[in-house]
Structures are given as C-alpha cells and as structure tokens.
Amino acid sequence: MQTARHRTSQRRKPDMEPTVPSPAEKQPAETSPVKESLAPDRGLQTGDYLTTGQGVRLPDTDHSLKAGPRGPALIEDFHLREKITHFDHERIPERVVHARGSGAYGTFTAYGNAASVTKAGFLAEKGRETDVFVRFSTVLGSRGSADTVRDVRGFAVKFYTAEGNFDLVGNNMPVFFIQDAIKFPDIIHAAKWHPDREIPQAQTAHDTFWDFVSLHTEATHHVFWAMSDRGIPRSFRTMEGFGVHTFRLVDAAGKTSLVKFHWKPAAGVHSQVWEETQLTAGVDPDFHRRDLADSIDAGLFYEYELGIQVMPDDADESFEGIDLLDPTKIVPEELAPVQPIGKLVLNRNPDNFHAETEQIAFHIGNLVPGIEVTNDPLLQGRLFSYLDTQLSRLGGPNFNQLPINRPHAPVNDNQRDGMHQSVVHRGIAHYLPNSLAGSEGPVPAGPENGGYVHLPEPVRGDKVRANPVSFADHHTQAALFYRSLSPLEQDHVAEAFTFELSKCYEQAIRVRMLGVLANVDAELTAKVAAGLGLPVPEGKPVADVTPSPALTQITERAWPVTGRVVGVIGTPDKQTAALQKALKAHGVVVRVIAPVGGEGVERTFQTARSVEFDAIMVAAATTDMQMTVLLQEAFRHGKAIAVHGEGEQTLINAGIDVKAPGILFDPDPETIVAALGRHRVWERMPLLKPRAS
Ligand code: HDD
C-alpha cells in the first residue's frame, strides 16, 4: 500500500527548483495566506510544498539536524522541535461521558405539521431543509473501547437552523437513571471503571454500578431498558432516539404544549444477541462506526423520522397521572401517539474525525425560538454542565468558532478575546448600548425580529432540597416495560440481569438487587434468583399494568433491509450471482467469502466471522473449521441461512439441523429479503438448546 509519505515524495519537485516562490507562484492579494487562514474550513493546508507551521519550505522531514551523522541532535533544529511539540499536544481530553462516538452530516426536512405547536421555523415550515450533524456514542467506555458493549447509546443532533443552532441531545432510551442532575457525578462514578484499576472498561457488570442501582431505586426503570435488547443495538441505523425530557413548545400565537421528542428509525429497531455482541467486540470493535461510514460511502443512507408526543400544558405538568417533569417516566405511545414532523437523512461522512466528530460541542441549552425547557430537575442541571465541560475539553470559550460548531446563522455576539480566538474583530465598542459603533454594531432583536424571548412564567417556591411526591414510584413503569416485551425479550432481560449480577464480587449487592426486582415482577425475580443460585426474596411486585405494545421490538412486521449484510460462502455461480444482483437492488450488501482471496472475494475463510453478517448464503461444500464455526454461530444467533447446491453438505458437516426454521433451500430473493426484514428467525430461538440449569 502506498503511504502518505510516498505520495508526498512523488509529488516533490526536482531539487534544483527554487525554494522561494517565483513572482508567478505568489498568491494574488485576494487569496492572501492571511485570508486563507481565516476562511471557515480551509485551515492552513495550502500550497504544493511541505512547510513548517510558519510556512517555511522544508527539504527533509525524516532526519533531525545533528552534529555529524552519528552526533547529538542540535537544539537549533526548529523543525524537529516544532514537529515533536505539536505531536506531544495532539490529543484533547476525551468526553467525561460519551467518550466513544462517531458521527455524520445529514439533512432534516420538516413536514410542516409542527406549526400547530411551535413557531420554530426548521420544524414548522413545510419542506424547509436544515443541515445537521449527528453524533452517536456509548456512555461509559473510553474513546478506544468497543462499540457493541451493553450500554446506553447517545443520539445527539445539532440542527444548524436559520435561527441559530438547536441541539437535541438524547439517548436511545427514553428514561434516565436519576431524577436530579446533582446525582449525575455519583451515578457516573459508580458506572464507570473502578478507580483503582480502571476496570472493567465499557460495561456495567461490576459491583459499584449495581451497588448504586440497588441503593437508588429511581434507577430501576432505566436498568430494565439497559438490560433489554435496547442496550445492544445492531447498528445506529436500527435504534430509536429520545429527547427524554419534556420540552415546552410555543406556537406563533404564544400557545404552549408539553412535548417529548422521538427519533423513529426507518429500518426499525433491531438488536444483536448477547453472545454476538461479545464476539463482535473482539472481531470488530469498530462495528457500529464502520457500518455508519461504509453505509454512507455506499449511498445506503441512515434515515429516521422525528416525531413528537404532544401533551396539554396543564398547571400540574402531568398527563394521565404521569409527572412530565420526571425523567424516569415515559408516556406510553398508546396514550399520546408519536406524530411524525420531519425526516432526517444522514448522507455525508466527516472528513476529519478530530476536527468534526471529536470537536463537536453539544449543549442542551442551545435552543431556538419556539422551543423552551421545563423544570425537569435533570434537565435544569444539564443546562449548566454542557457549556462548562467544553472549557476543559476544548480549551477555552471560543469553541463555537470551530467549523463544526459554527452556527449557519449570522453571529454577532460582542464576545471578544479568549484562548484560541480566531476572529480578527474590528471596532472598539463591543458592548451595548453604545454610541460609537453607529450602524455597524448589533442591536437587540425583539420577537418581531426573531429574538428568543423566554416565556414569562411566574416562578415562586420555598428553597428546598426535595423531590415532589409524584417522583416516588420507581417500580410501576419498570413492570410496564418488562411486561410489554415478548417472551423472548423477557428472557433476554432475565439473562442480562443474571449475567451482570454474577459478575459482582459482593453477594450482598446481588441480594439487595434481587430485592429491588421483587418489587417489580415476581417471575423475573425467580428467573434471576435461579440463575444466581439465590433464594427468591419476598417483595411487593407491581400488580396490574396495561402493556404498551409499542415497546416490543419483536413483531411480525418486515422492515426495510437497506444496509443489511449477507455473506456468501463459495465462489458465486450464475444462480447465486443473479440472487446477489436482486439483493443489491434492495440495498443489501453482499460479501463473498472464499477459501482464498481473488476477484470479487471480500472475505477469506480466515478473515470472515459470523458477526459481520445478518444472513448467510452457503453455495459450496467445505469442511473448513472456521466456516463450521461461522455457520454454527449464525445458526445460534437466529440468522437466516440460504442453501444452494452443495451447501447442504456444509451445514450437515457443521452439525446444523437443516430442517430447523430459517434454513432456506434455493430461496428466491424475496424470501431472503423477507427473512432479513424480520431481522432474525425468531421461531428458531426457543428450539436452541437451553442452558443447563
Ligand atoms: Fe449528558 C454528553 C445525553 C444527562 C453531562 N450527554 C452527553 C452526550 C449525550 C448525552 C448524547 C454526548 C454528546 C456528544 O456526542 O458530544 N445526558 C444525555 C441524556 C441525559 C444526560 C439523554 C439525560 C436525559 N448529562 C446528563 C446530566 C449531566 C450530563 C444529568 C450533568 C449534570 N453529558 C454531560 C456532559 C457531557 C455529556 C459532561 C460530556 C461531553 C459533553 O457533555 O459535551 O456535559
């Protein structure tokens, strides 16, 4: 492979060429280096020659300046010192939470129906297109941790609207661990690695997490989501996003509504299975970010609809008995349907991970007229944290000038100076009112000119450190969630609790957590207790709840299959080639797996692992051990397996029951697409050998 250095040396001009620019080479005045450096996204990387940071051309970047070839390095070597110094400072602190993430640009198009509840133009104006950047993330792991761990996923969207930036900083779960932001440092201290050894990485299966959760029952509902299949998504394409908090929307006439934001993926909600996530973390720790980037490169864009649940803005800020200020509660979709108000398509990869994905700075307080916050105590604390954290992460108050953070609306903020100031501000009167700037300076904008005027709400209350009584029920919605799942998903929840609690060293924590579960659901508690080998505790399980069918992700529905990956074992013949063509027309990615590399072969027997594929097509006879493992895993993980020609023998060699559900003999493309659209062969799962009890 050609390295960057080789490319540079190929482009290098002959040595006899002058090392100072000829008059003809000099930049014309209007594109002077000064202007270039201030241009939004160009940076300083211009010109044909390698230079220092000061623009001095360099003849050699491979040898330091020494006193003779064997001599000590000379301190006068400005190039050596500059190169090493810059390198020494190339990293910035990772995010204190959500350190690992990846992102993409996209376009949001409003349907216009949101005009009935908000005056925010990017939502209310039919057909208006707004640029966005989305960053997906895991919460707990370090920047270098694996993508497929069990964790909450961040779903943060920056809308560069004509009225200024609006950030919807959400997660793929609609509820949070805690009700008050003052506990955020505590839950994160408990959930991240143990401070003595910095293990375990990127997971909650350890003592401090379960210690916290079992002592703070407000976390119960959230951990049910985290232990469910929602904690291990198949890709960022197949997960929902939630604004979590209730927001207050204001329409053009000043009428207000209480609203919850939802992102609904066009591809449906799908997850990995637990063993699959663990294998993936080793085989391809970049599984989710690779899928995002590869899909966009292939034109197989991720798509979501933005939806809102609209509740009346009543004095008690509750709906059907649910306190809308409590971030540990959902409003079931059956009570307040999610109304689609716009579409998001992610269609462009960033060019530079650091400059864009790493330096993007979200802030829940980036609001535009028509969208206001509520008194949710978790939200209120977040309003402080996001700006504050950027000061240490991005090194000063001017991070809004970074290209990725710059609004696509005019900025005229009278802020000056500070670390890394990259704007040459003019004028002397950067304060208001002033009599010196004349018509040059900014003037305040009233509502008629799009100014953000906070809703004049009366605020009064005694100073207390307390929660409302309506925040006290920590169990009912956990039961609502659990009992809305299909039996298979319920099994996964029980297995996840059992796995995680088994990893705790302290028996007392397991026992205490079982006591919490006993106040939610008796059957679940019995299953987990059996797995842990502990007695089933007495409890007061939640009695009757009305399940919310919207919460289950295993349904009869077949979803679009864009971006799904099928692995084909064997050199394609005419029949399989036709099948591949038909699958590709549905947006399916087909990868050929052959004994050795060659034209059209994307994986060899040595490099392919089952976790890369959503379905397998076997078109050749082989007894290769790695293919045997691949097929056994695919079978165990409920993936459809299509069989052609001698492929049946390969399955038999691998000990796979060819009569099992989802083994498809000579299927037509539509049959494979239908199987992929249901994500897994769910009927096969209960037939797999149960774990020995
Ligand atoms: Fe937060 C990052 C989502 C509560 C403090 N948060 C962060 C990110 C997401 C969320 C998606 C990553 C943004 C990115 O990609 O850069 N956070 C949430 C949600 C919450 C929540 C959905 C509850 C509903 N967060 C929360 C609280 C606090 C914070 C209560 C502090 C009081 N969050 C932060 C932070 C981070 C952050 C420390 C780290 C990096 C950053 O902000 O820019 O300020």
Side-chain angles (χ1 to χ4, degrees), residues 92-105 132-143 147 151-159 165 167-192 216 218-219 221-222 225-226 230 233 236 239-247 260-263 288-289 292 324-330 346 350 353-366 373-395 399-400 402 404-405:
I92 60 172
E94 66 175 33
R95 288 167 175 82
V96 59
V97 284
H98 296 265
R100 180 166 179 86
S102 59
Y105 293 93
V132 302
F133 189 91
V134 179
R135 183 173 178 273
F136 302 107
S137 49
T138 52
V139 178
L140 297 176
S142 300
R143 264 191 72 182
D147 281 345
D151 196 356
V152 181
R153 298 300 184 287
F155 194 133
V157 184
K158 189 178 282 294
F159 294 85
N165 286 351
D167 294 354
L168 188 54
V169 195
N171 280 340
N172 76 328
M173 296 177 193
V175 288
F176 207 63
F177 305 96
I178 48 168
Q179 294 167 315
D180 188 319
I182 200 165
K183 280 191 177 180
F184 191 67
D186 304 317
I187 173 63
I188 299 302
H189 290 168
K192 280 210 169 208
H216 293 79
E218 70 201 61
H221 188 192
H222 182 92
W225 281 79
R230 304 277 180 149
F236 300 135
M239 60 185 207
E240 285 178 297
F242 302 90
V244 180
H245 311 287
T246 304
F247 290 80
K260 282 185 179 284
F261 288 104
H262 295 243
W263 290 107
H288 287 158
R289 59 166 63 174
L292 174 64
L324 296 174
L325 301 190
D326 180 351
T328 66
K329 302 289 189 316
I330 60 163
L346 298 183
F353 192 91
H354 177 83
E356 296 162 287
T357 312
E358 196 57 18
Q359 293 201 123
I360 193 163
F362 290 96
H363 175 29
I364 183 106
N366 285 349
V373 297
T374 55
N375 289 336
D376 171 341
L378 189 71
L379 195 170
Q380 292 284 316
R382 290 180 78 191
L383 289 169
F384 170 72
S385 184
Y386 288 72
L387 266 190
D388 183 52
T389 199
Q390 312 308 349
L391 298 180
S392 60
R393 199 170 72 79
L394 298 171
F399 56 86
N400 283 336
L402 295 168
I404 190 67
N405 295 323

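In listed order, ligands and their atoms are each counted from 1. A quick note: this is a predicted structure, and the numbers were derived from the prediction, not measured.
In this structure the side chain of T374 reaches within 4.5 angstrom of the side chain of L379, judged on heavy atoms. Contact check for T138 versus D147: no side-chain heavy atoms found under the 4.5 Å cut-off. Two residues are said to be in side-chain contact when any heavy atoms from C-beta on lie closer than 4.5 Å; E94 and S142 meet this criterion. Counting only heavy atoms from C-beta outward, the side chains of F247 and D376 never approach each other to under 4.5 Å. Looking only at side-chain heavy atoms (C-beta outward), I364 and H245 come within less than 4.5 Å of each other. Using a 4.5 Å heavy-atom threshold, the side chains of F184 and I188 count as touching. Residues N405 and Q390 are not in side-chain contact: their nearest non-hydrogen atoms beyond the backbone lie 4.5 Å or more apart.
Taking atom 43 (O) of ligand 1 as the reference point, the nearest protein heavy-atom neighbour is Q390 NE2, 2.9 Å. The nearest protein atom to atom 13 (C) of ligand 1, hydrogens excluded, is given as F362 CD1, 3.8 Å; this is a heavy-atom distance. Of the protein's non-hydrogen atoms, R135 NH1, 3.2 Å is the one closest to atom 14 (C) of ligand 1. In terms of protein heavy-atom proximity, atom 38 (C) of ligand 1 is nearest to V96 CG1, 3.3 Å. Counting protein heavy atoms only, atom 23 (C) of ligand 1 is closest to F176 CD1, 3.3 Å. Protein heavy atom nearest atom 30 (C) of ligand 1, with residue, atom name and distance: L378 CD1, 3.4 Å. In terms of protein heavy-atom proximity, atom 31 (C) of ligand 1 is closest to F184 CD2, 3.2 Å.
Not less than 6.0 angstrom separates the ring centroid of F242 from the ring centroid of F261.
Look at H363 and you'll find every heavy atom at least 4.0 Å from all atoms of ligand 1. Not a single heavy atom of P327 sits under 4.0 Å from any atom of ligand 1.
Atom numbering of ligand 1 starts at 1 in the shown order; those under 4.0 Å from a heavy atom of R95 are 14 (C), 16 (O), 40 (C). The atoms of ligand 1 that sit less than 4.0 Å from any heavy atom of G154 are 11 (C). Heavy-atom contacts of T389 reach the following atoms of ligand 1: 41 (C), 42 (O), 43 (O), 44 (O) (cutoff under 4.0 Å). Within the listing of ligand 1, atoms 11 (C), 22 (C) sit less than 4.0 angstrom from a heavy atom of G170.
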Check the pair L346, F236 against side-chain contact (heavy atoms from CB on, under 4.5 Å), reporting the backbone distance first and the verdict last. CA-CA 11 Å; L346 298 183; F236 300 135; over 6 Å; no
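Checked by atom type and distance alone, the side chain of H222 pairs as donor or acceptor with a backbone atom of V175 at under 3.5 Å.
Distance check for Y386 against atom 1 (Fe) of ligand 1: an N/O/S atom falls below 2.8 Å.
The N/O atoms of H245, backbone and side chain alike, include none that comes under 3.5 Å of an N/O atom in ligand 1. Taking distance alone, with nitrogen or oxygen atoms compared against 3.5 Å, S385 approaches ligand 1 more closely than that limit. In terms of N/O distances under 3.5 Å, ligand 1 is not approached by N171.
Screening R230, H262, R153 against E240 for a side chain to side chain donor-acceptor pair (under 3.5 Å) leaves a single residue, R230.
Contacts between V244 and ligand 1, counted as non-hydrogen atom pairs separated by less than 4.0 Å, involve the side chain only. Contact annotation for V169 and ligand 1: heavy atoms of both the backbone and the side chain come within less than 4.0 Å of the ligand.
Using a 3.5 Å distance cut-off with no hydrogens or angles, the side chains of H98 and R135 do not pair a donor with an acceptor.
Summarising the contacts of atom 20 (C) of ligand 1 with H98, K158, R382, the nearest heavy atom is found in R382.
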